[in-house]
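Taking it in order: structure first as C-alpha coordinates, then the write-up.
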Amino acid sequence: MAVKIKLKRLGKIRSPHYRIVVADSRTRRDGRAIEEIGLYHPVQNPSRIEVDAERAAYWLSVGAQPTEAVLAILKKTGDWQKFKGEPAPAPLLQPQEKTARPSFEALGGDDEGKGEAITQKKKAEKKDEAAAESSESTEA
(Lines give C-alpha, C1' and ligand atoms only; values in the text may rest on other atoms or scores of the structure.)
Protein backbone atom coordinates (compact mmCIF):
# COMPACT_ATOMS: atom_id res chain seq x y z
CA MET A 1 0.00 0.00 0.00
CA ALA A 2 1.48 3.35 -1.10
CA VAL A 3 0.98 6.14 1.40
CA LYS A 4 0.85 9.79 0.40
CA ILE A 5 0.89 13.02 2.36
CA LYS A 6 -1.65 15.23 0.63
CA LEU A 7 -4.12 18.08 1.08
CA LYS A 8 -7.73 17.45 2.03
CA ARG A 9 -9.96 20.34 0.95
CA LEU A 10 -12.54 21.85 3.28
CA GLY A 11 -14.46 25.11 3.31
CA LYS A 12 -16.85 26.95 1.06
CA ILE A 13 -16.51 27.61 -2.64
CA ARG A 14 -14.30 30.69 -2.48
CA SER A 15 -12.75 30.19 0.95
CA PRO A 16 -10.74 26.97 0.82
CA HIS A 17 -9.13 25.49 3.92
CA TYR A 18 -6.94 22.44 3.74
CA ARG A 19 -5.80 19.78 6.15
CA ILE A 20 -2.50 18.03 5.58
CA VAL A 21 -3.32 14.34 5.85
CA VAL A 22 -1.62 11.00 5.45
CA ALA A 23 -3.77 8.72 3.30
CA ASP A 24 -3.65 5.74 0.98
CA SER A 25 -2.76 6.93 -2.52
CA ARG A 26 -5.89 5.29 -3.95
CA THR A 27 -8.36 7.25 -1.81
CA ARG A 28 -10.26 10.30 -3.02
CA ARG A 29 -8.93 13.80 -2.35
CA ASP A 30 -11.42 14.40 0.46
CA GLY A 31 -11.75 10.75 1.39
CA ARG A 32 -10.77 8.80 4.45
CA ALA A 33 -7.37 9.63 5.92
CA ILE A 34 -5.03 7.65 8.14
CA GLU A 35 -3.92 10.70 10.13
CA GLU A 36 -4.16 14.50 10.03
CA ILE A 37 -0.79 16.15 10.58
CA GLY A 38 -1.40 19.81 9.81
CA LEU A 39 -3.43 22.77 8.55
CA TYR A 40 -3.11 25.11 5.58
CA HIS A 41 -5.34 28.18 5.20
CA PRO A 42 -4.22 30.06 2.06
CA VAL A 43 -6.91 32.77 2.16
CA GLN A 44 -5.66 34.33 5.38
CA ASN A 45 -3.05 37.03 5.04
CA PRO A 46 -0.35 35.81 5.63
CA SER A 47 -1.25 32.18 4.97
CA ARG A 48 -1.72 30.04 8.06
CA ILE A 49 0.49 26.94 8.02
CA GLU A 50 0.67 24.52 10.94
CA VAL A 51 2.47 21.20 10.63
CA ASP A 52 3.11 18.63 13.35
CA ALA A 53 6.84 18.29 12.61
CA GLU A 54 7.28 15.10 14.64
CA ARG A 55 4.49 13.22 12.83
CA ALA A 56 5.58 14.57 9.42
CA ALA A 57 9.14 13.34 10.06
CA TYR A 58 7.80 9.93 11.10
CA TRP A 59 5.67 9.49 7.99
CA LEU A 60 8.48 10.65 5.71
CA SER A 61 10.87 8.20 7.40
CA VAL A 62 8.54 5.23 6.80
CA GLY A 63 8.23 6.08 3.10
CA ALA A 64 5.18 8.33 2.68
CA GLN A 65 5.46 10.45 -0.47
CA PRO A 66 4.31 14.09 -0.28
CA THR A 67 2.40 15.60 -3.18
CA GLU A 68 3.85 18.69 -4.89
CA ALA A 69 1.70 21.10 -2.87
CA VAL A 70 2.56 19.44 0.45
CA LEU A 71 6.24 19.32 -0.51
CA ALA A 72 6.18 23.10 -1.02
CA ILE A 73 4.54 23.55 2.39
CA LEU A 74 7.07 21.26 4.08
CA LYS A 75 9.91 23.22 2.48
CA LYS A 76 8.47 26.50 3.81
CA THR A 77 8.18 25.13 7.35
CA GLY A 78 11.65 23.53 7.20
CA ASP A 79 10.45 19.97 7.85
CA TRP A 80 11.64 18.76 4.45
CA GLN A 81 15.13 20.19 4.96
CA LYS A 82 15.27 18.61 8.41
CA PHE A 83 14.30 15.25 6.90
CA LYS A 84 16.91 15.55 4.12
CA GLY A 85 19.63 16.89 6.46
CA GLU A 86 19.93 20.25 4.70
CA PRO A 87 20.21 23.66 6.37
CA ALA A 88 16.96 25.19 7.57
CA PRO A 89 15.28 27.94 5.52
CA ALA A 90 14.69 31.51 6.68
CA PRO A 91 11.84 31.81 9.21
CA LEU A 92 8.34 32.39 7.91
CA LEU A 93 6.96 35.91 7.89
CA GLN A 94 4.87 36.77 10.90
CA PRO A 95 1.89 39.10 10.53
CA GLN A 96 2.89 42.68 11.24
CA GLU A 97 0.77 44.83 13.48
CA LYS A 98 -0.92 47.61 11.58
CA THR A 99 0.18 51.06 12.63
CA ALA A 100 -2.45 53.70 13.15
CA ARG A 101 -2.65 56.28 10.39
CA PRO A 102 -1.71 59.79 11.49
CA SER A 103 -4.64 62.13 11.98
CA PHE A 104 -5.30 65.15 9.80
CA GLU A 105 -4.32 67.53 12.58
CA ALA A 106 -1.08 65.66 13.24
CA LEU A 107 -0.09 66.18 9.61
CA GLY A 108 -0.51 69.93 10.02
CA GLY A 109 -3.78 70.21 8.13
CA ASP A 110 -5.64 73.49 8.08
CA ASP A 111 -8.77 73.64 10.14
CA GLU A 112 -10.34 76.36 8.01
CA GLY A 113 -13.47 74.96 6.46
CA LYS A 114 -15.02 76.52 3.41
CA GLY A 115 -18.75 77.03 3.62
CA GLU A 116 -19.49 76.57 -0.08
CA ALA A 117 -18.41 74.52 -3.04
CA ILE A 118 -15.46 75.70 -5.09
CA THR A 119 -17.29 75.57 -8.41
CA GLN A 120 -20.98 76.21 -8.69
CA LYS A 121 -23.32 74.48 -11.04
CA LYS A 122 -24.13 76.21 -14.34
CA LYS A 123 -27.84 76.41 -13.58
CA ALA A 124 -27.11 78.25 -10.36
CA GLU A 125 -24.95 80.76 -12.27
CA LYS A 126 -27.75 81.46 -14.76
CA LYS A 127 -30.23 82.01 -11.92
CA ASP A 128 -27.78 84.34 -10.18
CA GLU A 129 -27.30 86.35 -13.41
CA ALA A 130 -31.07 86.56 -13.94
CA ALA A 131 -31.57 87.72 -10.34
CA ALA A 132 -28.80 90.31 -10.73
CA GLU A 133 -30.35 91.65 -13.96
CA SER A 134 -33.79 91.90 -12.38
CA SER A 135 -32.40 93.75 -9.36
CA GLU A 136 -30.57 96.19 -11.68
CA SER A 137 -33.69 96.85 -13.69
CA THR A 138 -35.74 97.50 -10.51
CA GLU A 139 -33.12 99.94 -9.18
CA ALA A 140 -33.07 102.03 -12.33
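Numbers here are sequence positions counted from 1.
One distance of note links CG of Leu60 with NZ of Lys82; it measures 11.5 Å at 0.5 Å rounding. To the nearest 0.5 Å, atom OH of residue Tyr40 and atom NZ of residue Lys76 are 8.0 Å apart. Annotation: the span from Arg9 atom CZ to Tyr18 atom OH amounts to 5.0 Å, rounded to 0.5 Å. Remark: Arg19 CZ to Glu50 CD distance equals 11.5 Å, nearest 0.5 Å.
With a 4.5 Å cut-off on side-chain heavy atoms, Leu74 and Pro66 count as touching. The side-chain heavy atoms of Ile73 and Leu7, taken from C-beta on, include a pair separated by under 4.5 Å. Counting only heavy atoms from C-beta outward, the side chains of Val3 and Ser25 never approach each other to under 4.5 Å.
In plain terms, the two heavy atoms of Ser15 and His17 that are nearest each other are O-ND1, 3.1 Å. Contact between Lys8 and Asp30 at its shortest, heavy atoms only, is CE-O, 3.7 Å. Ala23 approaches Ala33 most closely through the heavy-atom pair CB-CA, 4.1 Å. When all heavy atoms of Pro42 and Pro16 are compared, the pair lying nearest together is CD-O, 3.6 Å.
Under 4.0 Å is where a charged nitrogen must lie from a carboxylate oxygen, and between Arg26 and Asp24 at least one such pair does.
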Q: Could you go through the side chain to side chain contact (heavy atoms under 4.5 Å, CB included) check for Thr27 and Lys6 one step at a time?
A: CA-CA 11 Å; Thr27 60; Lys6 56 187 180 178; 3.3 Å; yes

Q.
Please evaluate residues Ile20 and Asp52 with respect to the criterion side chain to side chain contact (heavy atoms under 4.5 Å, CB included), reporting the C-alpha separation (whole Å), side-chain torsions for both, the decisive distance (0.1 Å), and the verdict.
A. CA-CA 10 Å; Ile20 302 170; Asp52 185 358; over 6 Å; no

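Cluster annotation: Ile34 is not connected to Val21 through the hydrophobic network of ILVMFWY side chains, with a link wherever side-chain heavy atoms come within less than 4.5 Å. Residues Ile49 and Leu10 do not share a hydrophobic cluster, clusters being chains of Ile/Leu/Val/Met/Phe/Trp/Tyr side chains in contact below 4.5 Å.
Judged by distance alone, with hydrogens and angles left aside, the side-chain atoms of His41 form no donor-acceptor pair with the main-chain N or O of Leu39 at under 3.5 Å. Using a distance-only test at 3.5 Å, with no hydrogens or angles considered, no donor-acceptor pair links the side chain of Asp79 to the main chain of Ala53.
Checking Glu35 against Trp59 by side-chain atom types alone, a donor-acceptor pair falls below 3.5 Å.
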